[in-house]
Amino acid sequence: QVQLVESGGGLVQAGASLSLSCAASGRTFRSNAMGWFRLAPGKERECVASVRTSGGNTYYSDSVKGRFTISRDNANNTMYLQMSSLKPEDTAIYYCAARIRPIPPYYFGDYYLPSEYDYWGQGTQVTVSS
């Protein structure tokens, strides 16, 4: 069983920065990709950033590109999301996710759909006030 635990959420003012962490644990944890998703009221779950284990390819949604940075510490099974220039529209519950199932051969694309991930954290609230 894999467990993902997010931390670092909170209430900040617009323009501020915030960093989220996701600690992964389990008997054997080896992900092929990890991602950060968010869910805001009345909206669908959105992938804001993801990273592949092999190659380190990163994906960012257009809404956060240039403001958010995803990174991971493979040795410590931890993933981070550094958020800057936060906007009220960034308010949401942020979830980390891990993909354990194999990546198809010769697929070099990104993983940004919820259905492509196998494990989820419990979420951490990020609220940005105007």
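For the numbers below, each heavy atom of this structure counts, side chains included, while hydrogens, waters and symmetry mates do not.
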Starting at CD of Q13, measure out to OG of S130 and round the result to the nearest 0.5 Å.
9.0 Å
Got a second to check how far R72's CZ is from T58's OG1, nearest 0.5 Å?
12.0 Å
Heavy-atom side-chain contact between R38 and V126 under 4.5 Å
no
Mind checking the CG-CZ spacing from N57 to F108? Nearest 0.5 Å is all I need.
9.5 Å
Pair K87-V128, side-chain contact (heavy atoms from CB on, under 4.5 Å): steps then yes or no:
CA-CA 6 Å; K87 305 175 182 180; V128 183; 5.5 Å; no
With a 3.5 Å cut-off and no angle check, do the side chains of S63 and E89 form a donor-acceptor pair?
no
Residues R99 and S50: side-chain donor-acceptor under 3.5 angstrom:
no
Atom of G121, atom of Y95 and distance for their closest heavy-atom approach:
O-CD2, 3.5 Å
Could you grab the distance from atom OH of Y111 to atom CD1 of I103, nearest 0.5 Å is fine?
4.0 Å
Does F68 reach the side chain of L18, with side-chain heavy atoms less than 4.5 Å apart?
no
Test: D62 and K65 ion pair at under 4.0 Å:
yes
Note, D73 side chain near Y80 side chain (heavy atom, < 4.5 Å)
yes
Tell me, do Y60 and R67 make a side-chain contact under 4.5 Å, heavy atoms counted?
no
Report yes if some heavy atom in the side chain of E6 is under 4.5 Å from a heavy atom in the side chain of L20; otherwise report no.
no
Minimum heavy-atom distance between L81 and A49, given as atom pair plus value:
CD1-CB, 4.1 Å
Under a single-linkage definition using a 4.5 Å side-chain heavy-atom cutoff for Ile, Leu, Val, Met, Phe, Trp and Tyr, are Y117 and Y107 assigned to the same hydrophobic cluster?
yes
Kindly give the heavy-atom pair with the smallest separation between L4 and A24, and that separation in Å.
CD2-CB, 3.5 Å
Any chance you could measure Y94, atom OH, to L39, atom CG, to the nearest 0.5 Å?
11.0 Å
Indicate the atoms forming the closest heavy-atom contact of C96 with M79, along with that distance.
CB-CE, 3.6 Å
Return the minimal non-hydrogen interatomic distance between C22 and M34, and the atom names on each side.
SG-CE, 4.1 Å
Cluster link Y119 to I70, ILVMFWY, side chain under 4.5 Å:
yes
Can you tell me how far the OG atom of S31 sits from the CZ atom of R101, to the nearest 0.5 Å?
12.5 Å
Is there side-chain contact between F37 and W120, with heavy atoms separated by less than 4.5 Å?
yes
